[in-house]
Amino acid sequence: MNLRLERISNIKESSVQITGSKSETNRLLILQALYPGIKIENVSNSDDSELMQKALKSNALEVDIHHAGTAMRFLTAYFAIQDGRETILTGSKRMQERPIKILVEALQELGCDIRYEKNHGYPPIRILGKQPNTNQVTLQANVSSQYISALMLIASSLPNGLEINLEGKVTSVPYINMTLSLLSDIGVKGIFENNKITITSAKNVAEKSIVVESDWSSASYFYSIVALSDNKSVTLGSYKKDSYQGDSSLAKIYEYLGVKTIFDKHTITLNKVIDPVLELPNGLDLSNSPDIAQTIVVTCFGLGKGCYLTGLHTLKIKETDRLEALKTEIEKLGGQIYITDDTLRLEPSTVIKEDVTIATYNDHRMAMAFAPLALKTSLFVENADVVSKSYPDFWTDLKKLGFKTL
């Protein structure tokens, strides 16, 4: 589905209820599969979480998780310890280009039996489930934190728990801390210090109901909308100030871009601030929250500002190479971007071309990050329904704010 977004002069002030965090939901779904007494409320309605639920209920030999990267990593570890079960875990063409080798080697080090079906280091993989024969593992830390979280999520179900030793600088620490916090919520003890994570064994956990906080990554698009609007506000639910999600750093980052966040019980209100005093830091490090990079870049472009972002190395192995994709699409609109393997520099520009078609590369975040530009220009979004991967109600919620789609 290709979608036309007509230029609008401003937004309507409104309240939007955003679905539960995909990151929290997918972690809890794995824990629920291991400990059935766990109940989950406000489950994400994203494609990724629905695919995760379907996969966990499946008894088929082949499990296809399509574009769901988190599901691929978490399920690799989960199926690896299902004693006696054989599973072929596969995904879309793009998924079969996304590396899984570091996680597979870590699981093999534990004694798990995993083999590659096609290309070495990439899905699809054949998993012969068995119990690990050791409780210590070492892996590189400067890659996707999902590899680490995948191991953490199965750790407490192992007879002797698990000690994970990390080599190098740890990437996306908040996501590791999120996993630790959710383990703590169900009564599992975990410690993360000096590049070592230790998770204790827990055969059973008490029955408990956990409410998933709404997704901060999804909130980022509304921060962008308010930043590009003219003195307007939007209220979002359900959020908390002491969030487990690293992307909650949005509240601080967007102060530089003219958005003030007000916390009130379970909602946040985003208020437009005219002429913010502060400038976005040069060399803003997003290694702990890379999923909001696209939104920040598009916001800056829409405001006519430049930015220099670092810590972006994981963006190259997402649904698409997000650095190359951002460069291509921003330059189609009249901007100028320079990228390396882990940095991005956007030059200030007052030019925003009209009626440009934005390619999404099967990446939900490309579609949603560029949508707020309708406050500055008319544009087309290719394959607009790709947003269902994480935020199926996105276009409906934008209409509540006055966005016009054709």
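Scope of the values below: all heavy atoms of this structure, side chains included, with no hydrogens, waters or symmetry mates.
- Of the N and O atoms on the side chains of T19 and N45, at least one donor lies less than 3.5 Å from an acceptor on the other residue.
- Partner E86 forms a salt bridge (Lys or Arg N to Asp or Glu O under 4.0 Å) with one of R115, K130, R126 and no other, that one being R126.
- Atom OH in Y78 sits 9.0 Å away from atom OG in S157 (nearest 0.5 Å).
- Defined by atom type and a distance below 3.5 Å, a donor-acceptor pair is present between the side-chain atoms of E41 and S209.
- V259 has its side chain out of reach of N271: every pair of non-hydrogen atoms, C-beta onward, lies at least 4.5 Å apart.
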What pairs of donor and acceptor atoms, side-chain ones from residues 226-238 against any protein atom, are under 3.5 angstrom apart with sequence neighbours left out?
{"unit_1": "S229", "atom_1": "OG", "unit_2": "V226", "atom_2": "O", "d": "2.7"}
{"unit_1": "T235", "atom_1": "OG1", "unit_2": "T269", "atom_2": "OG1", "d": "3.1"}
{"unit_1": "S238", "atom_1": "OG", "unit_2": "Q17", "atom_2": "NE2", "d": "3.1"}

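- With a 4.5 Å cut-off on side-chain heavy atoms, I18 and F222 count as touching.
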Test I114 against I127 for side-chain contact (heavy atoms from CB on, under 4.5 Å), laying out the working first.
CA-CA 5 Å; I114 306 175; I127 305 169; 4.2 Å; yes
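- In the model, S220 has no side-chain atom that pairs as donor or acceptor with a side-chain atom of S217 under 3.5 Å.
- Test T25, I30, I65 against M52 for side chain to side chain contact (heavy atoms under 4.5 Å, CB included) and you get one pass: I30.
- Salt bridge annotation for D355-R4: present, with a cationic side-chain nitrogen under 4.0 angstrom from a carboxylate oxygen.
- Between the side chains of T340 and T343, at least one donor N or O sits under 3.5 Å from an acceptor N or O.
- The existence of a salt bridge linking R27 and E24 is excluded, since no basic side-chain nitrogen approaches an acidic carboxylate oxygen closer than 4.0 Å.
- Other residues, nucleotides and ligands place more than 12 heavy atoms under 6.0 Å from the NZ atom of K240.
- Between the CD1 atom in I186 and the CG atom in L31 there is a gap of 4.5 Å [rounded to 0.5 Å].
- Within 6.0 Å of the CD atom in E347, the count of heavy atoms belonging to other residues, nucleotides or ligands exceeds 12.
- Here the closest heavy-atom approach between residue I148 and residue L166 is recorded as CD1-CD2, 3.8 Å.
- No side-chain N or O of E6 forms a donor-acceptor pair with one of S378 less than 3.5 Å apart.
- The closest side-chain heavy-atom distance from D385 to M1 is below 4.5 Å.
- Listed for the D113 side chain is no donor-acceptor partner under 3.5 Å among the backbone atoms of L128.
- Just one of E167, K169, E105 meets the side-chain hydrogen bond (donor to acceptor under 3.5 Å, both in side chains) condition when paired with Q140; it is E167.
- Side chain of D321 to main chain of E324: a donor-acceptor pair is present (N/O by atom type, distance under 3.5 Å, no hydrogens or angles).
- Closest non-hydrogen pair, D291 versus R322, comes out as OD1-NH1, 3.2 Å.
- Separating the CZ atom in F192 from the CD1 atom in I176 is a distance of 4.5 Å, to the nearest 0.5 Å.
- Counting only N and O atoms by type, the side chains of S92 and H66 include no donor and acceptor under 3.5 Å apart.
- Looking at heavy atoms from C-beta onward, I337 lies out of side-chain contact with F301 at the 4.5 angstrom threshold.
- Between I197 and N165 there is no side-chain heavy-atom pair separated by less than 4.5 Å.
- Look at K327 and E331 and you find a salt bridge, because one of the NZ, NE, NH1 or NH2 atoms lies within 4.0 Å of a carboxylate O, short of that distance.
- Ion pairing between K332 and E329 holds under the 4.0 Å rule for side-chain N and carboxylate O.
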Which pairs of donor and acceptor atoms, one on a side chain in residues 396-406, lie under 3.5 Å apart (sequence neighbours left out)?
{"unit_1": "D397", "atom_1": "OD1", "unit_2": "K400", "atom_2": "NZ", "d": "3.3"}
{"unit_1": "D397", "atom_1": "OD2", "unit_2": "Y391", "atom_2": "OH", "d": "2.6"}

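- Looking only at atom types and distance, the side chain of N383 has a donor-acceptor partner in the side chain of N362 under 3.5 Å away.
- Judged purely by distance below 3.5 Å, without hydrogens or angles, the side chains of D47 and S388 pair a donor atom with an acceptor atom.
- For the residue pair L162 and V137, the shortest heavy atom distance occurs at CD1-CG1, 4.3 Å.
- In this structure the side chain of L346 never reaches within 4.5 angstrom of the side chain of L309, judged on heavy atoms.
- Looking at every heavy atom in both residues, A77 comes nearest to L107 through CA-CD1, 3.8 Å.
- Judged by distance alone, the side chain of Q32 and the main-chain N or O of I38 form a donor-acceptor pair under 3.5 Å.
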Between K252 and Y256, does a side-chain contact (heavy atoms from CB on, under 4.5 Å) hold up when you go through it step by step?
CA-CA 8 Å; K252 178 63 178 177; Y256 300 111; 3.8 Å; yes
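- A distance of 11.5 Å separates CD1 of I268 from NZ of K241, quoted to the nearest 0.5 Å.
- Side-chain atoms of Y244 and T179 form no donor-acceptor pair, as typed in the model, at a separation below 3.5 Å.
- Put simply, CG on D215 and CD on E213 are 9.0 Å apart, with the number rounded to the nearest 0.5 Å.
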Step-by-step side-chain hydrogen bond (donor to acceptor under 3.5 Å, both in side chains) determination, Y239 to S248
CA-CA 9 Å; Y239 290 94; S248 62; over 6 Å; no
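- Checked by atom type, the side-chain pair Y254/T299 shows a donor-acceptor distance below 3.5 Å.
- Judged by distance alone, with hydrogens and angles left aside, the side-chain atoms of T76 form a donor-acceptor pair with the main-chain N or O of M72 at under 3.5 Å.
- Taken from CZ in F263 to OG in S243, the straight-line distance is 8.0 Å, to the nearest 0.5 Å.
- Proximity of a side-chain donor or acceptor of S249 to a complementary backbone N or O of G246 within less than 3.5 Å is detected.
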What do the steps show when you test Q146 against Y175 for side-chain contact (heavy atoms from CB on, under 4.5 Å), and what is the final call?
CA-CA 8 Å; Q146 291 177 9; Y175 286 99; over 6 Å; no
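- Listed for the T377 side chain is no donor-acceptor partner under 3.5 Å among the backbone atoms of A374.
- With T360 contributing its side chain and D363 its backbone, the two residues share no donor-acceptor pair below 3.5 Å.
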Check the pair I164, M152 against side-chain contact (heavy atoms from CB on, under 4.5 Å), reporting the backbone distance first and the verdict last.
CA-CA 8 Å; I164 306 169; M152 293 170 68; 3.7 Å; yes
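- Closest of all the heavy-atom pairs between K389 and D48 is NZ-OD2, 2.7 Å.
- Considering all non-hydrogen atoms of both residues, S218 and S390 come closest at OG-O, 4.5 Å.
- Side-chain contact between L323 and K316 is present, with heavy atoms from C-beta onward closer than 4.5 Å.
- In this structure, the side chains of K189 and S184 stay at 4.5 Å or more apart for every pair of heavy atoms.
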Which is it for F394 and Y221 under the ring pair (Phe, Tyr, Trp, His ring centres under 6.0 Å) test, yes or no, and what are the steps along the way?
CA-CA 9 Å; F394 179 71; Y221 313 114; 5.8 Å; yes
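- At distances below 3.5 Å, not a single donor-acceptor pair connects side-chain atoms of W216 with backbone N or O atoms of A251.
- Of the possible donor and acceptor atoms, none in the side chain of E382 sits under 3.5 Å from a partner among the backbone N and O of N2.
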